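Notes follow the structure.
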There are 2 protein chains.
Amino acid sequence: MEMRAPRIIDVARIAGVSTATVSRALSKPETVAETTRISVLAAAEQTGYRVNHAARNLRRQRTGAIVVLVPNLGNPFFSEILAGIEVMLSRADLNMLVVDTGQAHAKPDLMSEYLHNTRADGIIALDGWLPDSVLASVRDSNASPPIVFACEWTADPSFASVRADNEGGARLAIAHLKALGHSKIGILSGPPDNVLTMARGTGARDAMLGGGIPVRDDFMFDGDFTLDSGVMAAHAWLDLPDRPTAVFCASDQMAFGFISELARSGISVPRSVSVVGFDDIDIAGRYIPALTTVRQPRAGLGTSAARMLLDRLAAPEGGLPTEHLMLDVELIVRDSTGAAPSG
Amino acid sequence: MEMRAPRIIDVARIAGVSTATVSRALSKPETVAETTRISVLAAAEQTGYRVNHAARNLRRQRTGAIVVLVPNLGNPFFSEILAGIEVMLSRADLNMLVVDTGQAHAKPDLMSEYLHNTRADGIIALDGWLPDSVLASVRDSNASPPIVFACEWTADPSFASVRADNEGGARLAIAHLKALGHSKIGILSGPPDNVLTMARGTGARDAMLGGGIPVRDDFMFDGDFTLDSGVMAAHAWLDLPDRPTAVFCASDQMAFGFISELARSGISVPRSVSVVGFDDIDIAGRYIPALTTVRQPRAGLGTSAARMLLDRLAAPEGGLPTEHLMLDVELIVRDSTGAAPSG
DNA sequence: ATTGCGCCTGCAATCGATTACATCAAGGTT
DNA sequence: AACCTTGATGTAATCGATTGCAGGCGCAAT
């Protein structure tokens with residue numbers, strides 16, 4: 001009793017109309033007479049008709065999907081952004097196609113494959129670090145769908161983007177530490193070539209210079225946003241003859257690695273050293289000590305990026321100017337920061 | 001200078017062959033003469049030809065995509081499973097289409113839409129809690145693609161599944177606490193109707209009964225896997241006149257909420273109470289104290305589910321028996337558990 | 001009664017790739 | 001020389017929905 005899926009023509013036959021009318025009744029109901037619409041909908045209901053997306057997309061010259069490039073799907077930081085994107089896209093009846101660029105970086109061919117317009121109607125990149133060859137093909141080819149960078153971005157300003165105010169966030173963090181009396185402040189940064197690292201570093205240095213706090217090379221720790229790099233930084237801190245009394249970490253993950261490793265050496269936060277993170281991931285408020293950090297509007301980054309992309313899709317060919325949206329961040333003061341030791 | 005994307009016929013013209021030959025040269029190279037193949041590939045390269053997936057899928061009667069249903073995209077626990085799935089799927093040249101069922105639960109129509117075979121060639125559900133109406137339509141309709149449950153599953157054994165040994169994990173946790181001398185053990189469980197809650201609860205109770213440890217109603221705490229519910233449980237624990245000396249939490253998140261809230265009341269883990277978690281999420285090893293927990297093979301759950309689904313896609317119509325794969329878990333002993341107080 | 005206008009509907013082309021079947025050439029067999 | 005086999009290629013139908021265009025109908029204005 002194998003039964004093929006009903007097609008539009010089956011519905012048409014039952015409703016006693018042509019396929020054209022069925023199509024219109026379903027997608028542009030106001031263009032059909034009331035009575036026909038009712039009988040078509042009834043017939044569709046009766047047969048359990050579902051449109052064949054491949055056929056529709058072929059005819060309409062679109063794909064019905066948006067590709068989201070994620071640097072590392074395993075990183076919880078991105079999942080909430082994804083959630084934000086998904087909400088917006090499903091509302092617009094677009095599918096969200098997720099690609100882990102960590103996997104795909106090895107194969108740039110595969111990547112440009114995804115960026116081609118037979119694959120997706122648009123692209124949201126959470127990864128600012130796309131290979132140049134890929135970026136070039138996106139910019140030059142008219143076969144590439146619109147692209148929006150979210151969270152991270154590229155040096156090239158011709159790509160639209162949504163980002164958090166990373167520089168401002170770093171300034172807030174430093175100002176907070178300064179207000180607590182700290183004058184020996186260290187910075188644990190992300191990967192050197194990363195745009196977020198640079199923005200946060202710039203903001204932090206600006207604030208320190210502006211606040212009369214020395215920027216010392218021996219207080220600069222190199223990390224890569226991961227827990228482990230926070231652990232490494234803790235060892236570096238421990239090895240210093242003259243230690244900073246506060247450390248601004250460019251990610252919460254690194255802050256956790258840093259604090260936990262210090263704890264193992266009996267160093268207590270914030271008593272011996274104050275720590276500020278960046279991101280405000282879920283667990284931050286429930287770490288011990290609860291982490292003082294800069295909150296990024298993660299869901300907001302996702303929804304804004306999706307909205308921006310939808311606008312560009314709706315706009316007539318090349319109609320919209322390149323847009324850069326910056327979302328505010330917020331300093332969340334908790335228990336990992338305290339007054340500088342008076343000594 | 002608007003230029004349309006090249007089509008197969010453009011390649012054919014340049015190579016001086018028919019579209020049929022181009023198609024064959026690209027997808028079944030061995031059926032085409034060496035020389036033709038070379039000139040076709042050259043022509044494809046020259047024009048920058050990419051197949052139109054809508055057209056291919058229409059003709060081949062498939063969609064080239066797998067839908068993954070995620071209960072809550074914002075939850076980091078799922079992101080690593082997604083990563084595992086993505087690796088497998090991209091290897092098979094299938095797209096991964098992610099849907100947040102938390103969003104979609106409100107609209108069951110939308111959900112069954114996704115489960116229909118014009119949308120996807122297969123389904124991986126990380127959500128065992130699909131509405132009955134949806135499940136029924138999946139089971140009954142022959143328009144539904146194969147489905148595999150990963151991580152969570154349904155009461156109905158007719159659906160294939162991949163799961164961690166939740167019962168065994170819970171037994172390990174209890175055995176560990178017993179070995180440390182605990183005889184007053186509490187359980188902080190997940191949402192009551194959840195299959196994971198039941199499996200872990202069963203395992204824990206079994207182990208306690210088998211080990212001669214009383215299962216006391218006043219030591220049962222209700223949670224829902226979230227941080228906040230761990231916090232609530234901490235209050236419940238504090239309110240008890242007679243308190244368990246160890247608590248087995250059905251998720252790491254709850255364990256963190258529990259421990260952090262106790263810490264705010266000056267109760268120390270593991271000195272005053274031992275805590276075991278479940279999942280071993282990234283931060284677990286770097287919490288303070290580092291969390292003793294049951295490790296689930298998250299990436300493994302994803303890759304196994306994807307592999308199982310791919311097998312079913314490759315198999316001839318209804319050729320494969322329903323399969324249930326159980327992956328081992330592992331107890332990771334860290335610092336949140338210690339000997340029971342001798343008093 | 002004629003004309004004109006709007007509203008609804010149907011006809012048929014179209015989107016681009018795949019593939020069953022037909023064709024054709026070359027080489028081997030008897 | 002007639003016939004068969006094998007391998008390579010072309011022809012054309014096909015997947016299912018959408019949509020430009022044209023036609024038909026009813027109603028109102030002249």
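Residue numbering restarts at 1 for every chain, and letters A, B, ... go by the order of the sequence lines. Everything quoted here is computed from the prediction, not taken from an experiment.
Nucleotide D/dT9 holds its C1' atom 16 Å from the CD1 atom of B/Ile9, rounded to whole Å. Whole-Å rounding puts the A/Leu26 CG to D/dG16 P distance at 16 Å. The distance between atom CG of B/Leu58 and atom P of D/dT18, rounded to the nearest whole Å, is 12 Å. Between the CZ atom of B/Arg37 and the C1' atom of D/dG7 there is a distance of 13 Å, rounded to whole Å. Straight-line distance from the CG atom of B/Asn57 to the P atom of C/dT18: 10 Å, rounded to whole Å. The CZ-C1' distance, from A/Arg24 to D/dC21, rounds to 11 Å in whole Å. In this structure, B/Ile8 places its CD1 atom 14 Å from C1' of C/dC15, rounding to the nearest Å. The distance from atom CZ of B/Arg62 to atom C1' of C/dA17 is 13 Å, rounded to the nearest whole Å.
No donor-acceptor distance shorter than 3.5 angstrom exists from the side chain of A/Ser161 to the backbone of A/Phe149, with no hydrogens or angles considered. The backbone N or O of A/Ala54 sits nowhere less than 3.5 Å from a side-chain atom of B/Asn57 that would complete a donor-acceptor pair.
If you check C/dG16, D/dT19, C/dT18 against the side chain of A/Arg60, the one that comes closest is D/dT19. For A/Ala20, whose side chain is taken as the heavy atoms from C-beta onward, the closest listed nucleotide among D/dT19, D/dA17, C/dA17 is D/dT19. Comparing D/dT19, C/dT18, C/dA17 by their closest approach to the side chain of B/Thr19 singles out C/dT18. The side chain of A/Ala33 approaches C/dC8 more closely than any other nucleotide in the set C/dC8, D/dA17, D/dG20.
Side-chain atoms of A/Pro146 and A/Leu309, non-hydrogen and from C-beta on, do get closer than 4.5 Å to each other. Inter-residue side-chain proximity for B/Asp127 and B/Val70 is flagged as unmet; no heavy-atom pair is nearer than 4.5 Å. B/Val162 has its side chain within reach of B/Leu327: a pair of non-hydrogen atoms, C-beta onward, lies under 4.5 Å apart.
A/Val17 comes within 4.0 angstrom of the backbone, heavy atoms only, and of no base. Contact annotation for B/Thr36: backbone-only contact, meaning every heavy-atom pair under 4.0 Å involves sugar-phosphate atoms and none involves a base.
For the pair A/Gln61 and B/Thr21, nearest-nucleotide mapping onto DNA chain C gives the more 5' position to A/Gln61.
The shortest distance between the side-chain N/O atoms of B/Arg59 and the OP1/OP2 oxygens of D/dT14 is not below 4.0 Å. Between D/dA17 and A/Tyr49, a contact under 4.0 Å exists linking OP1 or OP2 to a side-chain N or O. OP1 or OP2 of C/dT19 sits under 4.0 Å from a side-chain N or O of B/Lys28.
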